[in-house]
Each structure stands twice: as C-alpha cells, then as structure tokens.
Trainee: 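Here it is, the structure in full.
So that the names make sense, note that chain A is the first sequence line, chain B the second, and so on, each numbered from 1.
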Amino acid sequence: MILPIHRQVHSAITDAVQRAFGLTEIPPFTVETPPNRALGDLAVTVAFQLARALRKAPRMIAQEIANALAPIPGIAQVTAAPTGYLNFFLERKPFVVDRVTGRAIAAPVDEGKVVVEHTAINPNKAAHIGHLRNATLGDTLVRVLRFRGTPVETQNYIDDMGVQVADVIVGFKEFEQKGVADVQHIAETTRFDYYCWDLYSKVTHWYDADKTHAAVRAQALHDLEHGGTEVSEMGTVIVDHIVRAHLKTMARLNIGYDLLTYEGDIIRLKFWAHCFETLKAQGAVFLQTEGKLAGCWVMRIDDGRDAEPAVAGEEKDEEAREKVIVRSNGVVTYVGKDIANQFWKFGLLGRDFNYRKFALQDGDRQLWATTTAEGEKSGVPSFGGATRIYNVIDSRQMYLQALLAQALRTLDHPKQAENSIHFSYEMVALSHSTAQKLGYPADAEADRKPFVEVSGRKGLGVKVDDLLDVLESTAKAEVARRNPEFTPDECQRVAEQIAVGAIRYFMLKFSRGKLIVFDMDEALSFEGETGPYLQYAVVRANNIFNKLQQRDGVSEADVLASLDAAMLDELAPSDDPDAHDLWALVYEASRLDDIVEQTVRALEFSLLAKYAFGLAQLFNAFYHRYPILNEENVDRRRWRAAGVAYFRAQLTRALDLMGIDVPGRM
RNA sequence: GCGCCCGUAGCUCAGGUGGAUAGAGCACCGGCCUUCUAAGCCGGGGGUCCCGAGUUCGAAUCUCGGCGGGCGCACCA
C-alpha cells in the first residue's frame with residue numbers, strides 16, 4: 001500500500017512550497033512513480049509548474065523546496081534532480097517490514113452505495129462472447145469498487161418482455177407447433193440455452209422468408225406483455241430456464257449478482273405508469289400529433305444543438321431528434337422502461353419491488369429477484385437507493401444511455417444525472433479465421449471488413465460455454481502432462497481455474513474503447529501476456545514456501561516474525577536501473593492501491609491487468625536471479641522469502657480483483 | 001449529414017489529470033532445464049507514435065483541421 005505515503009509527501013510539499021515562496025495558491029500536482037528505482041521511489045513535478053510564476057529555473061526551485069522540506073516519516077532522502085524533478089527515496093527496511101507484516105492498511109473510501117448493472121443478456125439464447133466482455137468488465141468493476149471500500153450492489157436486468165423472447169416463443173408455437181408443456185419438457189431434458197440459440201436463428205430466417213410473419217411477432221409481443229395467455233406462460237418458462245443457464249455459465253467465470261431485476265415487474269408494479277405520469281406532468285414527454293410519429297409519446301433529444309438558428313430543412317431534422325417512448329399502439333418501448341428502472345435505482349420513484357429468493361450462488365451468496373407477487377416478508381436487503389450508478393453496456397447504446405441522464409435532468413435531478421454513468425466499451429467481433437472455423441457462411445461483402453460481427457439473431461458467435469470447454473480441455477491436457485500424480489478431479493479443477501484466468505485476463509487486457517477481434521488461437525494461448533502466466537508466477541512463489549516448510553520446517557509466519565532482527569544488505573540500493581532486486585519487487589507490489597485508484601478514475605481495467613503482468617514479470621526475473629532455498633546466508637534468505645511472500649499476497653489480490661483464482665499447483 | 005470510438009514495431013496491443021532514454025506480448029534470430037516447475041529467464045534485430053498546424057520550458061498524450069477504419073442516429077433492445 002503506497003497511497004498513505006503519497007499523501008504524506010503531498011502535504012509536506014504543499015507546506016514547504018508555501019513557506020519557501022510565500023505562496024498561498026499552489027498549482028495541483030501529483031506524486032508520481034519514477035521509471036526506475038535508481039532515480040527514486042517517488043517523484044514530484046511541482047517545480048516545473050512553479051517555474052513560470054516564480055521566474056526561476058525548475059532545478060533551482062526543486063532545490064529550494066528540498067531545503068525547506070521538513071522531515072517526512074518513512075522518507076530517507078530527497079534530491080533535486082538536474083532536470084527539475086524532486087525525487088524521494090524511501091526508508092527501505094521499515095517500509096518492507098510494514099508491508100510484509102500487513103501493518104500498512106489502506107483507509108476505506110467513504111462514499112454512498114453504488115449500483116452496477118451488468119450482463120443483462122436477453123433471456124432467449126445462450127450467452128456468447130460479446131456478453132462475456134460485458135460480464136467480465138462489470139464483475140471486475142464490482143470487485144475493484146469493493147476493494148477500495150465502496151458498498152456495491154450488483155444488478156442483472158432481465159428483459160423478459162422484449163421482442164427477443166417473443167421471437168423464441170413464436171419459434172416454439174408457430175414454427176415448431178409446441179405448447180407450454182412441450183417447452184417445459186424440452187427445457188428440462190436438453191441443453192436449453194443452446195436449443196433456443198438454434199431456434200432463434202431459425203425464426204429469424206422464417207421472418208425473412210415471409211413479410212407477413214411480422215404480424216405474428218407483433219401479436220406475440222403484445223400477448224407477452226398482457227399476461228394470462230399461453231404466450232406469457234410460455235415466456236415465463238423460457239425466461240426462467242434461460243436465466244438459470246446464464247447464471248450457471250457466469251458462475252463458471254466467478255461472476256455473481258445480488259439482484260435480478262425483471263422488466264415484467266416494472267410493468268406490472270406500475271413503475272412505468274407512475275413514471276410516465278411524472279414525465280408527462282413535467283413536459284419531459286409529449287404526444288406527437290403529426291408526421292410519421294403521430295400518436296406516439298416522444299421525448300425530444302437534447303444534443304446541444306437547440307441553440308442553433310433555424311435554417312432551411314431544419315424542420316425535418318427536428319423530427320429526427322425525437323425518441324419514441326410510448327408507441328402509437330400504447331406499448332412502452334425499452335427506453336421508457338429503462339427510465340423507470342433508473343429512477344428506481346436512485347430511489348426517486350417512491351415505489352419498490354417485492355422480492356423473492358432466487359438461488360444460492362457459490363454455496364452461500366443469496367441471489368434475489370424482483371417479483372410482482374407478495375415476496376419475502378423479512379430478511380430482504382434494501383435494494384436500490386444508490387448515489388451512483390454504472391450501467392455496463394457497449395458503446396452502441398450510448399445514445400439511449402444519454403437519454404436516461406437527460407430524463408433525470410429534465411425532472412430536476414441534476415446530481416443523479418451526473419452520477420448516471422454509462423460504462424461503455426467497444427464490441428467483440430470475430431477474426432475471419434475463427435469465423436471460418438465456426439462454419440460461417442462466406443459473404444463477399446462481409447469478407448472485405450477487417451472482422452466478422454457476432455450476431456445472436458443469426459446464430460453467429462462463439463458461445464461462452466463452448467469457449468470455456470475448449471480452454472478447459474486444452475489446459476487439462478497440459479496440467480495432466482506436468483503433474484502425473486494429479487487425480488482426474490484435481491486436473492479438472494486446476495484446468496477450470498486456468499481457463500477462467502485465460503479468458504478473463506484476455507477480456508481485461510485491452511482498453512475498453514478498443515474493439516476486440518476475437519481469435520481462437522490467440523485466446524487459447526497460455527504463454528506470454530496471459531492469465532496463466534500470472535497464475536504461474538504465484539504458483540512458483542507458493543512452491544518456495546511449500547518447500548521451505550517441508551525442508552526446514554519454516555512457515556511464512558516464521559519468516560516474517562524473524563525479519564526485524566535480520567540484516568539489511570539485501571535491500572541496499574543498486575546503481576543498476578534494470579536490477580530486478582528485492583526492493584524493486586516489494587516496491588512494485590506495494591503499488592496495488594495506487595493502481596486501483598487510477599483504474600477506478602479512468603474506468604480502465606487494462607491498467608490493472610498490465611500492472612499485474614508487470615509485477616509477475618518482475619517476480620519471474622527475480623526468481624531466476626536470486627535463489628531462496630539454496631541461499632546459504634540465513635538473513636538473505638529471510639529477506640528474499642519475505643519479499644516473495646508480499647509479492648504473492650499482492651498479486652493474488654490483483655488477480656482476485658480480476659476474478660481470477662490461483663491454483664495450488666499447475 | 002451529425003455524434004461517439006479507434007489509428008504507436010511485421011502482427012495484437014499498453015502507454016495516470018502533458019514530464020526523465022517510446023514499452024509489452026506474439027512472430028523471427030541466438031543462448032539457458034544435474035540448482036525453488038522452461039506456462040519460465042537472458043540477449044538481439046525491428047518505430048516518420050496516420051498527416052498538418054497550434055498551446056507549452058516540454059506533446060504519443062491537450063486544442064483545431066484533415067485522412068483512413070469502426071459503430072450509432074428504428075414505433076429493436
């Protein structure tokens with residue numbers, strides 16, 4: 001944990017600058033990490049920023065600040081570099097002892113409850129690789145926020161009333177001539193999410209083949225919303241089984257939730273009706289009477305262009321900037337329902353769901369679901385009422401997410417509008433070679449594009465469970481080869497952990513604004529910058545302690561307890577900027593809290609992923625260079641072992657933030 | 001047309017609210033398994049950071065203008 005020291009340095013500098021130059025206003029500055037330990041452990045660039053105002057060279061200013069600086073606990077030395085940097089060198093021994101013995105604990109961040117909504121897969125087919133990116137990003141966000149002390153509630157929105165579910169119902173009823181009992185039977189006896197995956201794409205073709213089939217779809221959607229029909233009954237069966245299939249898939253990836261929010265409940269509990277009245281009363285929506293949107297309740301889209309003077313042809317443009325909230329047939333659109341949902345999440349609706357217990361996850365974590373029926377009387381957590389909301393949805397939904405914030409602003413909730421955060425990311429597509437292997441039909445036009453788009457509607461995509469299965473079997477073969485003494489169960493368990501490590505790391509290592517062109521061969525790699533590389537580094541560290549215990553009867557606790565008395569040589573500064581020494585390892589391991597703060601600020605998990613990878617690289621280099629078991633000098637051995645213990649703890653934490661477990665051996 | 005995202009090594013990508021010699025993985029070449037698991041380590045080659053202006057002591061990073069690619073702007077979600 002390095003941030004407490006950052007804070008101390010920051011305030012000491014502020015104080016010194018005020019006293020040395022008589023300034024009351026100091027430009028904002030940060031405590032940075034120099035490129036290598038030979039330059040220093042912490043650096044500050046405030047001298048550059050003051051150069052103009054003080055009309056002095058940065059180097060001089062840095063020197064004066066250094067002279068004025070009161071002693072800072074934990075800092076051994078301060079130097080003013082010729083370039084103008086102020087560099088700080090830490091007191092190494094107490095720093096290491098405090099970290100490895102866990103004495104330096106970060107203070108929790110004090111803020112209100114945050115709701116993170118992610119996954120939200122239409123419950124009509126199996127989860128594919130695009131959903132995987134969403135769920136991985138969302139789950140990692142939850143973990144990272146919790147790590148820094150933020151209370152988080154994880155919600156998974158279930159669109160049980162949408163067109164996609166209606167389409168599968170149409171498939172069963174009209175296309176396959178099945179009734180509710182048939183569907184129930186299929187759901188219980190087949191891999192149902194896969195069955196629906198195929199059926200959904202068949203229905204899509206069926207629609208395309210005959211335009212009159214569209215009427216069937218509209219009728220199904222209508223019946224789905226109104227309840228008491230065969231369609232709605234079938235919908236309930238389908239949705240329930242698919243949702244459970246998704247939960248099972250996500251559980252394989254260490255992903256769980258607190259609450260499933262059903263769209264149907266938003267309708268049936270009159271959330272929407274209530275919200276609609278408010279929107280109408282405030283003039284946020286209005287009934288369009290002319291043009292092609294006549295008869296629809298629409299919201300005017302505020303894109304900042306309203307102030308522009310009207311020019312010829314502007315009128316047409318005006319109409320294009322209206323979004324339908326309620327269709328002319330009286331059926332509310334997704335946007336409308338989502339606005340109501342967003343208001344509820346902030347506790348602004350004045351209404352609440354009823355709740356039922358849905359499932360136990362990971363053995364003991366209770367998953368709740370909304371319900372229109374009576375629900376549990378006691379023991380229900382307080383859901384919603386967030387101060388900040390992250391909606392994890394890909395960038396294609398930007399337009400609609402902006403409408404949510406607009407609705408909040410219009411109804412005079414500017415703070416909530418500002419705290420409605422669209423956690424946006426680019427989609428996942430497939431490489432041509434992977435698409436080809438999956439048997440995609442050749443398409444001359446599509447082939448010209450640099451990638452192939454995933455389409456659930458067309459049944460084109462890599463299913464999450466298929467991908468995990470392939471990763472697991474690949475990993476399992478390797479685990480069995482390396483560990484002949486493992487039982488099949490052990491091999492399987494480790495293979496599962498490696499598969500999750502590989503795929504979750506793959507999903508996190510790219511920045512979120514980057515479109516991922518998924519390639520099976522690339523994802524199947526366990527070498528280089530991959531999850532298994534990181535897991536392997538921890539496993540190696542584990543082995544050192546296993547052998548230390550076996551051979552010498554020395555535990556990690558023994559090592560740490562004997563540290564204070566041990567000598568310091570091992571931490572002596574090195575002039576070699578590339579030295580992969582003990583200090584560099586411990587120092588780097590301590591930066592996790594700083595990295596997490598940056599990660600949250602930028603909502604960029606590639607930062608965390610790259611940090612963890614760099615830390616593992618540092619350890620691997622150290623591992624090859626500095627023996628521990630075979631080091632004869634006892635004190636040297638202790639210090640090295642202590643550093644490895646700290647590294648192991650910190651990388652394990654970093655991996656946990658990414659939802660990646662570490663096998664005991666691999 | 002308007003909005004958002006992307007453009008850095010042969011390929012795939014990292015590069016905090018500007019800062020110290022532009023990095024990693026893969027691929028390629030050369031070393032290292034009687035010493036804590038080689039899913040590893042060490043070394044090597046490889047760059048007009050898309051182009052052009054501007055701001056600045058300092059720009060891959062910020063601003064503006066181009067070029068190229070992707071996505072969005074549905075009575076779908």
Side-chain angles (χ1 to χ4, degrees), chain A residues 28 30 32-36 39 43 45 48 51-52 57-58 81-85 87 120 122 159 162-164 221 292-293 295-296 298 301 303-305 317 320-321 323-329 331 333-335 337-338 393-400 402 424-427 429 449-451 453 457 475 478-479 482-483 498 509-517 519 522 525-530 532-533 535-537 539-541 543-548 551 577 580 594-595 597-599 601-602 604 606-607 609-610 613-614 617 620-621 623-625 627-631 644 665-666:
Chain A
T30 55
E32 299 173 8
T33 304
N36 63 66
L39 284 167
T45 59
F48 295 113
R52 167 164 284 210
T83 47
Y85 276 93
N87 290 320
N122 270 301
D159 184 1
V163 196
Q164 295 214 19
L221 185 60
K292 65 179 180 179
L293 299 185
C296 298
V298 302
I301 296 156
D303 56 6
R305 287 191 297 162
D317 210 36
R321 288 191 283 133
K323 179 68 195 173
V324 173
I325 305 298
V326 179
R327 302 178 181 98
S328 54
N329 66 2
V331 179
T333 61
Y334 155 85
V335 192
K337 289 176 275 198
D338 218 23
I393 315 182
D394 75 58
S395 64
R396 288 175 290 193
Q397 308 257 13
M398 181 201 64
Y399 179 66
L400 295 169
S424 140
Y425 61 92
E426 274 291 336
M427 62 175 174
K449 280 192 172 184
F451 54 80
E453 195 168 347
R457 232 174 66 84
E478 187 64 18
V479 171
R482 287 159 183 260
N483 305 278
I498 291 172
K509 73 182 202 179
F510 303 103
S511 61
R512 62 192 164 89
K514 198 80 107 185
L515 187 145
I516 296 180
V517 180
D519 186 80
E522 198 186 338
S525 166
F526 295 158
E527 289 168 14
E529 199 202 331
T530 64
Y533 174 96
Q535 293 169 310
Y536 187 61
V539 166
R540 279 179 145 176
N543 280 340
I544 293 172
F545 281 97
N546 292 340
K547 297 231 161 129
L548 216 50
R551 200 191 64 181
H580 302 297
D594 185 22
I595 299 297
E597 283 313 301
Q598 290 172 31
T599 298
R601 200 181 317 137
E604 197 53 89
S606 58
L607 248 53
K610 300 285 173 178
F613 176 61
Q617 276 185 313
N620 273 326
Y623 176 89
H624 279 269
R625 201 132 121 183
I628 292 171
L629 291 177
N630 297 320
E631 171 58 49
V644 170
R665 283 190 296 164
M666 65 186 275

Trainee: What nucleic acid atoms does A:N122 come within less than 4.0 Å of, heavy atoms only: base, sugar-phosphate, or nothing?
Mentor: sugar-phosphate

Trainee: Over how many whole Å does the gap from A:E529 atom CD to B:rA24 atom P extend?
Mentor: 11 Å

Trainee: Within the structure shown, what part of the strands sits under 4.0 Å from A:V479 by heavy-atom distance: base, sugar-phosphate, or nothing?
Mentor: base

Trainee: Phosphate oxygens OP1/OP2 of B:rA77: is one of them under 4.0 Å from a side-chain N or O of A:K323?
Mentor: no

Trainee: Nearest of B:rA39, B:rA77, B:rG70 to any side-chain atom of A:E478?
Mentor: B:rA39

Trainee: Checking all strands, does A:V539 fall into the base, sugar-phosphate, or nothing category for heavy-atom contacts under 4.0 angstrom?
Mentor: base

Trainee: Between B:rC11 atom P and A:I516 atom CD1, what is the distance in whole Å?
Mentor: 19 Å

Trainee: B:rA77, B:rA20, B:rC75: which one has an atom nearest the side-chain heavy atoms of A:P35?
Mentor: B:rA20

Trainee: Check every atom of B:rA14, B:rA38, B:rC75 against the side chain of A:Y536 and return the nucleotide holding the closest atom.
Mentor: B:rA38

Trainee: Identify which nucleotide among B:rA77, B:rG70, B:rC42 has an atom closest to any side-chain atom of A:D159, counting heavy atoms from C-beta outward.
Mentor: B:rA77

Trainee: OP1 or OP2 of B:rA14 sitting under 4.0 Å from any side-chain N/O of A:K514?
Mentor: yes

Trainee: For A:F613 and B:rC26, give me the distance from atom CZ to atom C1', rounded to whole Å.
Mentor: 11 Å

Trainee: By nearest atom, which of the nucleotides B:rA20, B:rG70, B:rC71 is closest to the A:L39 side chain?
Mentor: B:rA20

Trainee: Determine the contact category for A:E522: base if any of its heavy atoms lies under 4.0 Å from a base atom, sugar-phosphate if only primed atoms, P, OP1 or OP2 are that close, otherwise nothing.
Mentor: sugar-phosphate

Trainee: Has A:Q617 got a side-chain N or O lying under 4.0 Å from the OP1 or OP2 atom of B:rG25?
Mentor: yes

Trainee: With nearest nucleotides of RNA chain B determined for A:G295 and A:T33 from heavy-atom distances, which residue corresponds to the more 5′ nucleotide?
Mentor: A:T33

Trainee: A:I595 near the nucleic acid: base, sugar-phosphate alone, or nothing, with a heavy-atom cut-off under 4.0 Å?
Mentor: nothing

Trainee: At less than 4.0 Å, is any side-chain N or O atom of A:T45 found next to OP1 or OP2 of B:rG18? Yes or no.
Mentor: no

Trainee: Go through B:rC57, B:rG16, B:rG72 for me and flag the one nearest to the A:D594 side chain.
Mentor: B:rG16

Trainee: Heavy atoms only, 4.0 Å cut-off, all strands: where does A:S606 land among base, sugar-phosphate and nothing?
Mentor: sugar-phosphate

Trainee: Using a 4.0 Å heavy-atom cut-off across all strands, classify A:P34 as base, sugar-phosphate, or nothing.
Mentor: base

Trainee: Return the pairing partner of B:rC4 with a 3.5 Å limit on both distances, Watson-Crick or G-U wobble; otherwise return none.
Mentor: B:rG70

Trainee: Measure from the side chain of A:M427, starting at C-beta and using heavy atoms only, and say which of B:rC13, B:rG70, B:rG25 lies closest.
Mentor: B:rG70

Trainee: Whole angstrom is fine here: how far is it from CD in A:Q535 over to C1' in B:rG40?
Mentor: 15 Å

Trainee: Does a side-chain N or O from A:S511 land closer than 4.0 Å to OP1 or OP2 of B:rA14, or not?
Mentor: yes

Trainee: A:Y533 side chain N/O closer than 4.0 Å to the phosphate oxygens (OP1, OP2) of B:rC41?
Mentor: yes

Trainee: Which part of the nucleic acid does A:A537 contact within heavy-atom distance under 4.0 Å: base, sugar-phosphate only, or nothing?
Mentor: nothing

Trainee: Starting from C1' on B:rA39, measure out to CD on A:E527 and report it in whole angstrom.
Mentor: 6 Å

Trainee: Applying a 4.0 Å non-hydrogen cut-off, can you work out what A:R665 is touching in the nucleic acid: base, sugar-phosphate, or nothing?
Mentor: base

Trainee: May I ask which nucleotide in the shown strands pairs with B:rC13, Watson-Crick or G-U wobble, both distances under 3.5 Å?
Mentor: B:rG23

Trainee: Would you say A:Y334 reaches B:rA77's phosphate, i.e. side-chain N/O to OP1/OP2 under 4.0 Å?
Mentor: no

Trainee: Round to the nearest Å and state the distance from A:F451 atom CZ to B:rG69 atom P.
Mentor: 12 Å

Trainee: Once you apply a heavy-atom cut-off of 4.0 Å, does A:L548 come out as touching a base, just sugar-phosphate, or nothing?
Mentor: nothing

Trainee: Choosing from B:rA20, B:rA14, B:rC75, which nucleotide comes nearest the side chain of A:V324?
Mentor: B:rC75

Trainee: Atom pairs under 3.5 Å, N or O on each side, protein against nucleotides 34-36 of chain B: can you list them with distances?
Mentor:
residue : atom : partner : partner atom : Å
B:rU35  : O2'  : A:N630  : ND2          : 2.3
B:rC36  : O3'  : A:K547  : NZ           : 3.2
B:rC36  : O2   : A:L629  : N            : 3.1
B:rC36  : N3   : A:I628  : N            : 3.2
B:rC36  : N4   : A:Y623  : O            : 2.2
B:rC36  : N4   : A:Y626  : O            : 2.9

Trainee: Any strand counts, and the cut-off is 3.5 Å on both contacts for Watson-Crick or G-U wobble. Which nucleotide pairs with B:rU56?
Mentor: none

Trainee: Name the nucleic acid region contacted by A:F48, choosing base, sugar-phosphate or nothing; use a 4.0 angstrom heavy-atom cut-off, strictly under.
Mentor: base

